[in-house]
Amino acid sequence: MIDTMRAAPGVGLAANQVGRPERVCVIEIEGHLWELVNPVMLRTDGFQDDSEGCLSLAGYFAPTSRAMSASLEARDRHGKKLKLKGKGFLARAMQHELGHLDGGLYIDLLASMDLLERPEAGADED
């Protein structure tokens, strides 16, 4: 799963995105890798708006609202209990991946599908 995420390239991937039924996701930001088994969001707080994309909708982005901070509880791959707290981009990734595990996509948060943007490849080329 980690290799698939990195090859995409992406910063997170949920098991159900690659056809696996387990409640597992991985997040990798700035060299830190979290493998989360049965994650449960404990708390979210604040507000942030930023552009968000997804490997399930490769090449599309949209302004998406998320909580500024988040904390979750999970197990690691060895069954050890862990808590993860994040702000900003990490909090966004945590919410995004748990959304997948709950059956959602970031586009479910959009007021309109007209907000989806697809940067055109080669737009700056002659």
- Could you walk me through whether Gln17 and Cys25 pass the side chain to side chain contact (heavy atoms under 4.5 Å, CB included) test, one step at a time? CA-CA 9 Å; Gln17 287 180 276; Cys25 65; over 6 Å; no
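In this structure the side chain of Leu36 reaches within 4.5 angstrom of the side chain of Ile27, judged on heavy atoms.
Residues in residues 104-116 take part in no salt bridge (charged side-chain N to carboxylate O under 4.0 Å, His left out) pair, two or more places apart or across chains. Counting only residues at least two apart or in different chains, side chain to side chain donor-acceptor pair (under 3.5 Å) contacts with residues 28-37 comprise Arg6-Glu28, Glu35-Arg77. The ring pair (Phe, Tyr, Trp, His ring centres under 6.0 Å) contacts involving residues 35-83 comprise nothing, where partners must be two or more places apart or lie in separate chains.
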Sequence neighbours left out, cut at 3.5 Å: what donor-acceptor pairs do the side chains of residues 83-95 make with other protein atoms?
from, atom 1, to, atom 2, distance (Å)
Arg92, NH1, Glu52, OE1, 2.4
Arg92, NH1, Thr64, O, 3.3
Arg92, NH2, Thr64, O, 3.1
Gln95, OE1, Ala67, N, 3.0
Gln95, NE2, Ala67, O, 3.0
Gln95, NE2, Ala91, O, 2.9

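Residues passing the side chain to side chain contact (heavy atoms under 4.5 Å, CB included) test with Asp102, sequence neighbours excluded: Arg23. Partners of Ser65 according to the side chain to side chain donor-acceptor pair (under 3.5 Å) rule, which considers only residues two or more places apart in sequence or in another chain, are Asp49. Scored by the side chain to side chain donor-acceptor pair (under 3.5 Å) test, Ser71 finds no partners at all (sequence neighbours excluded). For Asp45, the salt bridge (charged side-chain N to carboxylate O under 4.0 Å, His left out) partners at least two apart in sequence or on another chain are Arg43. For Arg75, there are no side chain to side chain donor-acceptor pair (under 3.5 Å) partners two or more places apart in sequence or in a different chain. Under the side chain to side chain contact (heavy atoms under 4.5 Å, CB included) criterion, Val18 pairs with Met1, Thr4, Leu13, Arg20, not counting sequence neighbours.
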